[in-house]
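Worksheet: one structure, shown below.
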Amino acid sequence: MDFRFAGVAPAFSLAMSCGIQRRRGGFKLDGMQLDALLIVAWPDIKPVMLSQNIDLSRLASEDNRLAPAIASGNRHELQGWQIVRRSSTAYAGERVIHDCLAVRGRGWGGEIAAECELVHC
């Protein structure tokens, strides 16, 4: 299953042309923060959340609804963060890795949310 995250690529392109501030674990652009988040899940074991943003990792690990929500849908709200699944890769033993993008900042509720849709290629 191949997914492309519409709205993020233009944001990264815009960010690069506008002199985005790169910080460890993510990007910041005019009040918006983007961070990568990987969710490693398998049956009967608590999912492992991987991010270079320690606060995001902690929040994600504490939310028992995040992994099931991402597995069954494409988006989940997490204390001001919008977690959007970009892709999922299945492995033997019913193990799955969900590659996600976490977005936080002003504007998410309006025009940015409307552009951030997962589109099947």
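The chain is numbered in sequence order, starting from 1.
- Smallest separation of non-hydrogen atoms from Ser61 and Lys46: O-NZ, 3.1 Å.
- Side-chain atoms of Arg85 come within 3.5 Å of backbone N or O of Ile70 as a donor-acceptor pair.
- Residues Met49 and Ile54 fall into different hydrophobic clusters, defined by Ile, Leu, Val, Met, Phe, Trp and Tyr side chains chained together at heavy-atom separations under 4.5 Å.
- The shortest non-hydrogen separation linking Leu34 to Val103 is CD2-CG2, 3.6 Å.
- Between the CD atom of Gln82 and the CZ atom of Arg75 there is a distance of 5.0 Å, given to the nearest 0.5 Å.
- Looking only at distances, no side-chain donor or acceptor of Ser87 sits under 3.5 Å from a matching main-chain atom of Asp99.
- Taking CD1 from Ile83 and CZ from Arg104, the interatomic distance works out to 10.0 Å, rounded to the nearest 0.5 Å.
- Looking at Ser51, its side chain does come within 3.5 Å of a backbone N or O of Ala36 through a donor-acceptor pair.
- Rounding to the nearest 0.5 angstrom, the gap separating the CG atom in Leu56 from the CH2 atom in Trp81 is 5.0 Å.
- Side-chain contact between Val40 and Pro47 is absent, with no heavy atoms from C-beta onward closer than 4.5 Å.
- With rounding to the nearest 0.5 angstrom, the CG atom of Asp55 is 11.0 Å from the CD atom of Gln79.
- Cluster annotation: Val48 and Leu38 are assigned to the same hydrophobic cluster (Ile/Leu/Val/Met/Phe/Trp/Tyr, side-chain heavy-atom contacts under 4.5 Å, transitive).
- Put simply, the residue from Leu78, Leu66, Leu50, Val84 that forms a side-chain contact (heavy atoms from CB on, under 4.5 Å) with Leu37 is Leu66.
- Using a 4.5 Å cut-off between side-chain heavy atoms of Ile, Leu, Val, Met, Phe, Trp and Tyr, with links allowed through other members, Trp42 and Ile97 fall into the same hydrophobic cluster.
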